[in-house]
Amino acid sequence: MISLDVNIKELKKTYPVIIEWDEIRLTRQKINNYLNGGKFLVVISQKIDKLYGKELGFTKEEKFVLKDGEHEKNFENYRKILNFAQKLKLTRKDAIVAIGGGVVGDIAGFAASTYMRGIDFINIPTTLLACVDSSVGGKTAIDTSLGKNIIGSFYQPKAVLINTNFLKSLNDRDFKTGLGEVIKYAFIEKNCKAEEDFNLSNFLSSNIQKIFEKDNLTMSNLIQICVKLKISVVEKDEKEAGLRKILNFGHTYGHAIEKITRYKKYTHGEAVIEGIKFAFKLAMKKNIIDKNYKFFADDFIKNFRFNEISAFNMKKMSEIMLTDKKSNGKTITFILPINYFSVEEFEISPEYLLSVTE
Ligand code: GLY
């Protein structure tokens, strides 16, 4: 078992991220270790409930089953979860537990952060994407018609409990969407300023076979590296005032792809990978990196065999990127590679984008 601490100094709050591959039937017992005898409501992904419902053993009365898909992260389901919490008479001594991917963690975390002005939240991520990224760092949210994560809060969990056995539930495409975020960490590793030098890109290249086999030891080592990198960033900048923005590497263009295709055609990871490739192209056009680093990045990404995404109309993409909640409405904020495994923030005008991508 690996136990990592996230220490958010401003909040004077430390919480553990546990990484292990224990029997799934022990999950309830593990949740109870973090609660002082209080009650809890479980928000669980429908897919995980179907596959592991019996082993997990939660009763109908204590679990809220959330259908899968980004569109379920909506106001109506948020309201239903709060109603469920009231029906269970949860008090401030009680907790909400999320078991599922990023959608479940985000909506359950947001419900926990607002129910009675905040009750304990335990996150049990079951997808690779949630294990390496969304479960750590306290971002919670729901989507509205204006876009993704429009209403939300920063709310750190009481504990994050990762069991790599859950990763076996992922099909190839869903597993790879998590690898999109993992690859992002490889390209930003130096900025994270973690205490250790992981050389994540090397780890990925040397272990690719075992990663695709979802080997428990390899996966827990991989998740450990990514979580340590993420902890190093969020401990320095919880609220994304500066450093945390590097976690958006590949996301400016990636989010626009998701939006233009109505979140239906590509997974988040596929869109992020395309966004990373776009960032490399842009950095080369701007002479920030040389062609050797771009070739290295292209070859490295090819090993993971992501679905190809065709080019989009740049004028439309620019318009979407300008309406991103992180944009000032005039220029588009990109995180671009500047050197091996280092990135920096750049403001780029839509006119410049059009001129270099025609
Ligand atoms: N997923 C990016 C962040 O947590 O800031």
Side-chain angles (χ1 to χ4, degrees), residues 1-22 123 125 128-139 156-157 159-164 167 178-251 269 272 276 289 293 296-297 300-301 303-304 335 337-345:
M1 182 187 92
I2 297 161
S3 176
L4 308 171
D5 276 346
V6 186
N7 178 7
I8 306 289
K9 287 192 192 72
E10 294 88 67
L11 299 177
K12 294 193 174 66
K13 180 170 177 170
T14 301
Y15 63 90
V17 179
I18 306 293
I19 308 167
E20 59 190 355
W21 57 90
D22 222 338
N123 201 345
L128 180 58
L129 194 137
C131 290
V132 297
D133 199 50
S134 59
S135 66
V136 178
K139 279 189 178 175
Q156 303 296 335
V160 179
L161 311 178
I162 297 173
N163 184 336
T164 55
L167 301 177
L179 286 179
E181 292 286 353
V182 170
I183 290 167
K184 171 193 83 178
Y185 282 109
F187 287 120
I188 64 169
E189 176 170 348
K190 288 205 173 140
N191 297 73
C192 297
K193 296 203 175 7
E195 277 164 22
E196 296 154 77
D197 194 1
F198 300 109
N199 203 342
L200 176 55
S201 76
N202 212 17
F203 180 94
L204 286 167
S205 304
S206 328
N207 290 286
I208 195 151
Q209 181 70 26
K210 289 210 151 143
I211 290 171
F212 277 115
E213 286 165 12
K214 300 175 191 152
D215 171 69
N216 276 323
L217 178 61
T218 311
M219 289 317 295
S220 67
N221 285 336
L222 176 61
I223 292 168
Q224 173 177 205
I225 294 174
C226 296
V227 170
K228 280 184 173 170
L229 291 171
K230 177 133 193 199
I231 290 175
S232 180
V233 172
V234 298
E235 282 187 347
K236 294 179 185 86
D237 177 21
E238 187 209 2
K239 298 266 170 75
E240 202 170 320
L243 180 67
R244 191 167 178 166
K245 291 184 194 168
I246 62 166
L247 299 178
N248 296 324
F249 181 50
H251 283 63
V272 166
I276 291 176
I289 54 165
Y293 187 30
F296 166 85
F300 178 71
I301 291 171
N303 292 326
F304 298 91
I335 307 295
I338 54 163
N339 211 329
Y340 283 79
F341 318 119
S342 298
V343 292
E344 209 174 283
E345 188 181 320

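Residue numbers start at 1 and run along the sequence shown.
Here the closest non-hydrogen pair linking Val227 and Cys131 is CG2-O, 3.6 Å. Closest heavy-atom contact between Val272 and Glu181: CG2-OE2, 4.2 Å. Shown here for Ile208 and Asn303, the closest heavy-atom pair between the two residues is CD1-O, 3.5 Å.
With a 4.5 Å cut-off on side-chain heavy atoms, Phe304 and Val182 do not count as touching. In this structure, the side chains of Leu222 and Leu204 come closer than 4.5 Å at one or more pairs of heavy atoms. The closest side-chain heavy-atom distance from Ile246 to Cys192 is below 4.5 Å. The shortest side-chain heavy-atom distance between Ile223 and Leu167 falls under the 4.5 Å cut-off. Inter-residue side-chain proximity for Ile188 and Phe341 is flagged as unmet; no heavy-atom pair is nearer than 4.5 Å. The shortest distance between side-chain heavy atoms of Ser201 and Phe300 falls below 4.5 Å. Side-chain contact between Ile289 and Asn339 is absent, with no heavy atoms from C-beta onward closer than 4.5 Å. Val233 places none of its side-chain heavy atoms less than 4.5 Å from the side chain of Ile231.
Using a distance-only test at 3.5 Å, with no hydrogens or angles considered, no donor-acceptor pair links the side chain of Ser342 to the main chain of Ile338. Using modelled atom types, no side-chain atom of Asn7 and backbone atom of Thr14 make a donor-acceptor pair closer than 3.5 Å. Side-chain N or O atoms of Asp133 include none that pairs as donor or acceptor with a backbone N or O of Leu129 at under 3.5 Å. A donor-acceptor contact shorter than 3.5 Å links the side chain of Ser232 to the backbone of Lys193. Remark: side-chain polar atoms of Gln156 are paired, donor with acceptor, to backbone N or O of Gly137 under 3.5 angstrom. The closest donor-acceptor contact from the side chain of Lys184 to the backbone of Leu247 lies under 3.5 Å.
Separation of atoms CD1 (Ile335) and NE2 (His251) is listed at 11.0 Å; rounding is to 0.5 Å. One finds the CD atom of Glu20 at 9.5 Å from the CD1 atom of Ile2 (value rounded to the nearest 0.5 Å). Ile162 CD1 to Ile19 CD1: the interatomic distance, rounded to the nearest 0.5 Å, is 5.0 Å. For the atom pair SG (Cys226) and CG (Leu200), the distance works out to 5.0 Å, reported to the nearest 0.5 Å. Taken to the nearest 0.5 Å, the CD1 atom of Ile18 stands 12.5 Å off from the OG atom of Ser220. Atom CG in Leu229 sits 13.0 Å away from atom NZ in Lys190 (nearest 0.5 Å).
For residues 232-246, the pairs satisfying salt bridge (Lys or Arg N to Asp or Glu O under 4.0 Å) are Lys139-Glu240, Glu240-Lys326, Lys245-Glu345, with sequence neighbours left out.
By the neighbour-count criterion of 12 heavy atoms within 6.0 Å, atom NZ of Lys210 is sparsely surrounded, having that number or fewer from other residues, nucleotides or ligands.
Using a 3.5 Å distance cut-off with no hydrogens or angles, the side chains of Asn216 and Thr164 do pair a donor with an acceptor. When only modelled atom types and interatomic distance are considered, Asp215 and Thr218 share a side-chain donor-acceptor pair under 3.5 Å.
Applying the ring pair (Phe, Tyr, Trp, His ring centres under 6.0 Å) criterion to Tyr293, with sequence neighbours excluded, gives Phe280, Tyr340.
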Exercise. Under the side chain to side chain contact (heavy atoms under 4.5 Å, CB included) criterion, do Val132 and Lys230 qualify, and how do the steps go?
Worked result: CA-CA 8 Å; Val132 297; Lys230 177 133 193 199; over 6 Å; no
For this session: Go through Phe198 and Asn221 one step at a time and tell me if the side chain to side chain contact (heavy atoms under 4.5 Å, CB included) criterion holds.
Result: CA-CA 11 Å; Phe198 300 109; Asn221 285 336; over 6 Å; no
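You'll find the ring centres of Tyr185 and Phe249 outside the 6.0 Å limit.
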